[in-house]
Amino acid sequence: VQLQASGGGLVQPGGSLRLSCTASGRTFSTYSVGWFRQAAGKERSFVAAIRYPDRNTFYSNSVKGRFSLSRDNAKNTVFLQMNGLKPDDTAVYYCAATATTYNAGSYFDPDRYDYWGQGTQVTVSS
């Protein structure tokens, strides 16, 4: 499966963006999807994940209550709605997918994912 992340851009603090992760090649609806981010000079870190088949969602503490996940299987797309953006949210955001269903904690681990998109830049600045 090939993943394409999009929707990044420049936004002021407190603003919103919606990132999209669109898949091609296979039935995306049967994959769990995660989002990670990597700020300049830092390691890649977990942001959020939505699990197949129960659609349970998981969020890092830093984004919980501000970010939310949804998916549109007809469009083969998972969305990451980001509200209340802060300068600390500035990073390249990557989506990833796995066909394996794990316990919740496993989705925090980037090694659990089999496919990765190319990343989209999010910059939060006034």
Side-chain angles (χ1 to χ4, degrees):
V1 63
Q2 294 79 42
L3 303 179
Q4 177 77 32
S6 61
L10 173 64
V11 63
Q12 292 187 343
S16 298
L17 282 174
R18 188 176 77 160
L19 304 185
S20 300
C21 179
T22 302
S24 60
R26 290 193 181 181
T27 305
F28 195 42
S29 61
T30 61
Y31 286 73
S32 299
V33 176
W35 285 91
F36 291 77
R37 65 187 181 187
Q38 186 166 18
K42 296 186 178 181
E43 294 186 353
R44 190 171 297 189
S45 62
F46 172 79
V47 176
I50 183 165
R51 183 169 63 185
Y52 172 83
D54 55 16
R55 296 201 176 200
N56 275 359
T57 53
F58 312 101
Y59 301 94
S60 69
N61 288 336
S62 62
V63 308
K64 197 173 296 183
R66 299 187 297 123
F67 292 11
S68 63
L69 281 168
S70 61
R71 70 189 310 164
D72 185 335
N73 290 333
K75 296 181 178 180
N76 264 6
T77 300
V78 169
F79 300 102
L80 179 66
Q81 179 67 43
M82 306 187 297
N83 299 326
L85 283 162
K86 306 174 182 180
D88 284 350
D89 296 318
T90 296
V92 177
Y93 283 70
Y94 299 89
C95 64
T98 175
T100 304
T101 299
Y102 296 109
N103 292 328
S106 294
Y107 291 102
F108 290 67
D109 181 357
D111 290 337
R112 298 290 190 173
Y113 296 83
D114 304 307
Y115 306 97
W116 289 84
Q118 85 292 358
T120 184
Q121 176 70 47
V122 172
T123 303
V124 184
S125 175
S126 56

Exercise for review: Kindly work out whether a path of hydrophobic side-chain contacts (I/L/V/M/F/W/Y, heavy atoms less than 4.5 Å apart) joins Leu19 to Phe79.
Suggested key: no

Practice item. Spell out, yes or no, whether Leu80 and Tyr115 are grouped together once hydrophobic residues are joined by side-chain heavy atoms under 4.5 Å, including indirect joins. Key: yes

Review point. Same cluster or not: are Trp35 and Trp116 linked, directly or through other Ile, Leu, Val, Met, Phe, Trp or Tyr residues, by side-chain heavy atoms under 4.5 angstrom apart?
Key: no

Exercise for review: Assess the side chains of Ser125 and Thr123: does a donor N or O sit below 3.5 Å from an acceptor N or O?
Suggested key: no

Review point. Between Arg51 and Tyr102, is there a donor-acceptor pair closer than 3.5 Å when you use the side chain of the first and the backbone of the second?
Key: yes

Review point. Is the backbone N or O of Ser20 less than 3.5 Å from a side-chain atom of Thr77, with the two atoms forming a donor-acceptor pair by type?
Key: no

**Study point:** Single-linkage hydrophobic cluster Leu17~Tyr94, side-chain heavy atoms < 4.5 angstrom
**Key:** no

Exercise for review: Please round to the nearest 0.5 Å and tell me the distance separating atom OG1 of Thr57 and atom CD1 of Ile50.
Suggested key: 6.5 Å

Review point. Is there a donor-acceptor pair under 3.5 Å between the side chain of Gln118 and the backbone N or O of Ala5?
Key: yes

Check your understanding: What are the two closest non-hydrogen atoms of Asn83 and Ser16, and how far apart are they?
Key -> OD1-OG, 2.9 Å

Study note, to complete from the structure: Scanning both residues in full, the closest heavy-atom pair of Val33 with Cys21 reads CG1-SG, 4.5 Å

Review point. Quick check: does any side chain N or O of Asp109 sit under 3.5 Å from a backbone N or O of Ser106, one acting as donor and the other as acceptor?
Key: no

Exercise for review: Taking all non-hydrogen atoms of both residues into account, name the closest pair between Tyr52 and Thr30 and its distance.
Suggested key: CD2-O, 3.3 Å

Check your understanding: What's the shortest heavy-atom distance between Ala97 and Leu3, and which atoms?
Key -> N-CD1, 3.8 Å

Practice item. May I ask you to check if Arg71 and Tyr31 form a cation-pi contact, with NZ or CZ under 6.0 angstrom from the six-membered ring centre and within 45° of the axis? Key: no

**Study point:** Plane angle bin for Phe36 and Phe46 - parallel if under 30°, tilted between 30 and 60°, otherwise perpendicular
**Key:** perpendicular

Practice item. Measure the acute angle between the ring planes of Tyr93 and Phe67, then classify it against the limits of 30° and 60° as parallel, tilted or perpendicular. Key: tilted

Review point. Rounded to the nearest 0.5 Å, how far apart are OG of Ser29 and CG of Asn76?
Key: 7.0 Å

Practice item. Would you check if the side chain of Tyr59 reaches a backbone N or O of Leu69 as a donor-acceptor pair within less than 3.5 Å? Key: yes

Check your understanding: Would you say Met82 and Val63 make side-chain contact, with heavy atoms under 4.5 Å?
Key -> no

Review point. Do Asn103 side-chain atoms and Gly105 backbone N/O form a donor-acceptor pair below 3.5 Å?
Key: no

Review point. Would you say the side chain of Gln121 lies within less than 4.5 Å of the side chain of Thr90, judging by non-hydrogen atoms?
Key: yes

Study note, to complete from the structure: To the nearest 0.5 Å, atom CG of Asn56 lies from atom OG of Ser32 at 10.0 Å

**Study point:** Closest non-hydrogen atom pair, Pro13 against Ser126
**Key:** CD-N, 3.7 Å

Study note, to complete from the structure: Scanning both residues in full, the closest heavy-atom pair of Tyr113 with Tyr107 reads OH-O, 2.8 Å

Exercise for review: Please assess Arg37 against Val47 for the test side chain to side chain contact (heavy atoms under 4.5 Å, CB included), listing each intermediate value before the final yes or no.
Suggested key: CA-CA 7 Å; Arg37 65 187 181 187; Val47 176; 3.6 Å; yes

**Study point:** Partners passing salt bridge (Lys or Arg N to Asp or Glu O under 4.0 Å) against Arg18 (at least two apart in sequence or in another chain)
**Key:** none

